[in-house]
Amino acid sequence: MSKFFALIPAAGSGSRMGNQLPKQYLSLADRPMIYHALKTLSQSPKITRVFIILSPDDIDWNNYDWSAFSEKLSIIKCGGATRAESVLNGLSAAKEESMVDANDWILVHDAARPCLSSTQLSKLIDSVANDKVGGLLATPVADTLKRGDDKSRITKTEPRENLWQAQTPQMFRYGLLTEALANTTEITDDASAVEALGLQPKLIQSDATNFKVTYPQDLALAELILKQRNAQ
Ligand code: CTP
Ligand code: MG
């Protein structure tokens, strides 16, 4: 039986957030941002272990209390210059540390998506666990799409039929994901690396609450979603 592991790349600096503290540590609903996704992932009975990939220069992790997750948590300081590099380094370090088989599933989840819900996570796992390629949470594009020129003038309205916005977790077997990431550069998600091998990952419909916190104005919305969920 294949096992399920989560891997959270958390070695970014959050440059678009514009705060000195890397965004994964910014306070959100009374916790550092990364706490929320870590909680959802480690509470899943299906997930055996959660690997957190930090920057080798990280000085913030130890300032917080993570004891609630100690049973399932592995901290690895091997982040790289890009997200893809952090994930690839993390995969190799995870294998050194734990019994990870080539056929085991790895769920890669951004530290910057704190609002992942248990329902979305279960839906992904249940929908992809028997898939040959793997898959990811995503939402169908709802807005009308405009292509602009460098003066912000519309050059074209793009059809949005069959267009999706990729989210995380992105779930692939260890062996395939490692091979895919080792063979690509300039990608912003794991699925693109798998696509470059000529494969077609499965899109599992999620919703907008699992958005990526990127800019300062995103914090208030994430806080609202988390506080409302915690109050339920
Ligand atoms: N990430 C990482 N290693 C990097 C860059 C990013 O592990 N070298 C992680 C981030 O910590 C985040 C996820 O990848 O959890 C998604 O990246 P993004 O939202 O772009 O975060 P940052 O790169 O930190 O932000 P920015 O692009 O604004 O600098
Ligand atoms: Mg980035």
Engineer: Holding to side chain to side chain contact (heavy atoms under 4.5 Å, CB included), I want the full list of residues that pass it with T157, two or more places apart in sequence or in another chain.
Structural biologist: T144, K146

Engineer: With a 4.5 Å cut-off on side-chain heavy-atom distances among I, L, V, M, F, W and Y, is there a chain of contacts connecting Y25 to V213?
Structural biologist: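 Y25 clusters together with V213.
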
Engineer: Can you hop from F51 to L124 via hydrophobic side chains spaced under 4.5 Å?
Structural biologist: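 No, F51 does not connect to L124 through the hydrophobic network.
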
Engineer: Please collect all salt bridge (charged side-chain N to carboxylate O under 4.0 Å, His left out) contacts where either partner lies in residues 125-135, sequence neighbours excluded, each pair once.
Structural biologist: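 Checked against salt bridge (charged side-chain N to carboxylate O under 4.0 Å, His left out) - neighbours excluded - the pairs reaching residues 125-135 are K46-D126.
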
Engineer: Take Q167 and Q120, measure what side-chain contact (heavy atoms from CB on, under 4.5 Å) needs, and give me the verdict at the end.
Structural biologist: CA-CA 11 Å; Q167 299 181 342; Q120 291 160 346; 5.6 Å; no

Engineer: When you measure from the side chain of Q24 to the backbone of G12, do you find a donor-acceptor pair of N or O atoms at a distance under 3.5 Å?
Structural biologist: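 Answer holds: yes.
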
Engineer: Please find the pair of heavy atoms, one from C115 and one from N210, that lie closest to each other, and give the distance.
Structural biologist: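 Answer, listing the atom of C115 first, then N210: C-OD1, 4.4 Å.
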
Engineer: Please find the pair of heavy atoms, one from P216 and one from R16, that lie closest to each other, and give the distance.
Structural biologist: CD-O, 3.8 Å

Engineer: So do the side chains of I53 and I8 get within less than 4.5 Å of each other, counting heavy atoms only?
Structural biologist: no

Engineer: Between Y64 and V50, is there a shared hydrophobic cluster once you connect ILVMFWY residues whose side-chain heavy atoms come closer than 4.5 Å?
Structural biologist: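 In one cluster: yes.
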
Engineer: Out of curiosity, does I75 fall in the hydrophobic cluster containing V108 (side-chain heavy atoms, cut-off under 4.5 Å, transitive links)?
Structural biologist: no

Engineer: Supply the atom-to-atom distance E71 CD to R49 CZ, rounded to the nearest 0.5 angstrom.
Structural biologist: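 Answer for the CD-CZ pair, E71 versus R49, is 9.0 Å.
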
Engineer: Sort and list the pairs that fulfil salt bridge (charged side-chain N to carboxylate O under 4.0 Å, His left out) and have at least one residue in residues 221-232, not counting sequence neighbours.
Structural biologist: E223-K227

Engineer: Is the number of heavy atoms from other residues, nucleotides or ligands under 6.0 Å of Q217 CD greater than 12?
Structural biologist: yes

Engineer: For A193, what residues pass the side chain to side chain contact (heavy atoms under 4.5 Å, CB included) criterion, not counting sequence neighbours?
Structural biologist: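 Scan of A193 (side chain to side chain contact (heavy atoms under 4.5 Å, CB included), adjacent residues dropped) gives A180, L181, T184, I187.
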
Engineer: Decide yes or no for Q205 and T139: does some side-chain heavy atom of the first lie under 4.5 Å from some side-chain heavy atom of the second?
Structural biologist: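 No, every pair of side-chain atoms sits at 4.5 Å or beyond.
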
Engineer: Side-chain contact, heavy-atom cut-off 4.5 Å: I204 with K123?
Structural biologist: yes

Engineer: Going by salt bridge (charged side-chain N to carboxylate O under 4.0 Å, His left out), name the pairs with one or both residues in residues 73-94, residues two or more places apart or in two chains.
Structural biologist: R83-D110, R83-D190

Engineer: I need the full list of side chain to side chain donor-acceptor pair (under 3.5 Å) pairs touching residues 88-106, with sequence neighbours left out, sorted by first then second residue.
Structural biologist: S74-E97

Engineer: Applying side-chain contact (heavy atoms from CB on, under 4.5 Å), run through T40 and S117 and close with a yes or a no.
Structural biologist: CA-CA 7 Å; T40 303; S117 71; 5.8 Å; no

Engineer: Minimum heavy-atom separation for P169 to L121, with atom names?
Structural biologist: CG-CD1, 4.1 Å

Engineer: Write out all pairs satisfying ring-ring contact (aromatic ring centres under 6.0 Å, His included) with one or both partners inside residues 132-190, taking only residues at least two apart or from two chains.
Structural biologist: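 Counting only pairs at least two positions apart or across chains, no ring-ring contact (aromatic ring centres under 6.0 Å, His included) contact touches residues 132-190.
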
Engineer: Are F4 and L73 connected in the hydrophobic side-chain network, where two residues link if heavy atoms are under 4.5 Å apart?
Structural biologist: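 Yes, F4 connects to L73 through the hydrophobic network.
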
Engineer: When you measure from the side chain of Q165 to the backbone of V141, do you find a donor-acceptor pair of N or O atoms at a distance under 3.5 Å?
Structural biologist: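 Looks like no, no N/O pair under 3.5 Å.
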
Engineer: If you look at every heavy atom in P56 and G79, which pair is closest and at what distance?
Structural biologist: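 Smallest heavy-atom distance, with atoms named: CD-O, 3.4 Å.
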
Engineer: How would you list all residue pairs meeting side chain to side chain donor-acceptor pair (under 3.5 Å) that involve residues 1-15, not counting sequence neighbours?
Structural biologist: S2-R173

Engineer: Determine which pairs satisfy salt bridge (charged side-chain N to carboxylate O under 4.0 Å, His left out) with at least one residue from residues 55-68, sequence neighbours left out, and list them in order.
Structural biologist: none

Engineer: Take atom CD of E158 as the centre, draw a 6.0 Å sphere, and report whether it contains more than 12 heavy atoms from other residues, nucleotides or ligands.
Structural biologist: yes

Engineer: Sorted by first residue and then second, give each ring-ring contact (aromatic ring centres under 6.0 Å, His included) pair with at least one member in residues 195-232; sequence neighbours left out.
Structural biologist: none

Engineer: What's the shortest heavy-atom distance between P9 and S86, and which atoms?
Structural biologist: CB-CB, 4.4 Å

Engineer: Please evaluate residues V87 and I106 with respect to the criterion side-chain contact (heavy atoms from CB on, under 4.5 Å), reporting the C-alpha separation (whole Å), side-chain torsions for both, the decisive distance (0.1 Å), and the verdict.
Structural biologist: CA-CA 10 Å; V87 174; I106 305 288; over 6 Å; no

Engineer: Which pairs count as ring-ring contact (aromatic ring centres under 6.0 Å, His included) when at least one residue sits in residues 28-47, sequence neighbours excluded?
Structural biologist: Y35-F69

Engineer: Which heavy atom of A93 sits nearest a heavy atom of I76, and at what distance?
Structural biologist: CB-CG2, 3.5 Å

Engineer: If you round to the nearest 0.5 Å, how far is CD1 of I34 from CZ of R113?
Structural biologist: 14.0 Å

Engineer: Would one find more than 12 heavy atoms of other residues, nucleotides or ligands at under 6.0 Å from atom CG of N130?
Structural biologist: no

Engineer: Test side-chain hydrogen bond (donor to acceptor under 3.5 Å, both in side chains) on S192 and E186; report intermediate values, then the result.
Structural biologist: CA-CA 10 Å; S192 320; E186 315 240 336; over 6 Å; no

Engineer: Go through the steps for L7 and H109 under the test side-chain contact (heavy atoms from CB on, under 4.5 Å), then give the verdict.
Structural biologist: CA-CA 6 Å; L7 189 151; H109 183 66; over 6 Å; no

Engineer: Sequence neighbours left out, what passes side chain to side chain contact (heavy atoms under 4.5 Å, CB included) with T155? Give chain and number order.
Structural biologist: R147, D149

Engineer: Looking at L176, is its backbone amide N or carbonyl O close enough to the side chain of T178 to form a donor-acceptor pair, meaning the two atoms are under 3.5 Å apart?
Structural biologist: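 No, because the side chain of T178 does not come within donor-acceptor range (under 3.5 Å) of the backbone of L176.
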
